[in-house]
Amino acid sequence: MNNIIIINGPNLNLLGSREESQYGTVTYEELKDKCADKAKEIGVNLEFFQSNIEGEIVNIIQQSIKKHDGIIINAAAFTHTSVAIRDALSIFKKPIIEMHISNIYKREDFRQKSLISDISTGGIFGLGTNGYILAIISIQKLINNEN
Ligand code: DQA
């Protein structure tokens, strides 16, 4: 069975109560459960991780090099600032999906630059929290070379 990880960056633990117009009403716990259900349905081992701390995200990416076959990452605000997260992802030579709940290209200028898009296999943005479900389905196909 493929092992995948969803890595969430700062403030995503507050989903459901945070800027509902951008991020919707699904809570972090509900999202985690929905992702777990989809992973079970399609037969993939899923780890779900969140941290507000940049270094912890770098550490989990480094650990994923040995443990996981694919990474789905919503680096949140670190998307726009973190060379360290970009560098760690660059070492991971397997499929990476960049995930954003909102359409970052329709928002403030500073959100329209992602430091991880060009080293990701692909990306999903602007589709709300449903994007996570699409990302799980897609990464399974990428890992299995079914694309
Ligand atoms: C986000 C977009 C980022 O710009 C923002 O800092 C987030 C969430 C998204 O999922 O739409 O925290 O990554």
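Order of appearance sets the numbers: ligands from 1, and atoms from 1 within every ligand. The first residue of the sequence shown is numbered 1, and numbering continues consecutively from there.
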Are side-chain N/O atoms of Asn2 and Gln140 paired as donor and acceptor at under 3.5 Å?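 There is such a pair between these side chains.
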Distance-only donor-acceptor check, side chains Glu20 and Thr25, under 3.5 Å: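 Judged by distance alone, the side chains do not pair up.
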Whether [X] side chain and [Y] backbone form a donor-acceptor pair below 3.5 Å:
X: Gln112; Y: Arg107; result: yes
X: Lys34; Y: Ile133; result: no
X: Gln50; Y: Gly9; result: yes
X: Ser117; Y: Ser114; result: no
X: Ser17; Y: Leu14; result: yes

Which heavy atom of the protein is the closest neighbour of [atom], given with residue, atom name and distance?
atom: atom 7 (C) of ligand 1; value: Tyr23 OH, 3.4 Å
atom: atom 11 (O) of ligand 1; value: Ser102 OG, 2.6 Å
atom: atom 12 (O) of ligand 1; value: Arg18 NH2, 3.0 Å
atom: atom 1 (C) of ligand 1; value: His100 ND1, 3.7 Å
atom: atom 2 (C) of ligand 1; value: Ile104 CG2, 3.7 Å
atom: atom 3 (C) of ligand 1; value: His80 NE2, 3.5 Å

What about [X]: any of its N or O atoms under 3.5 Å from an N or O on ligand 1?
X: Ile101; value: yes
X: Arg111; value: yes
X: Ala77; value: yes

Need the ligand 1 atom indices (1-based, order shown) with element for anything under 4.0 Å from a heavy-atom of Asn74.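 Listed by number with element: 1 (C), 9 (C), 10 (O), 13 (O).
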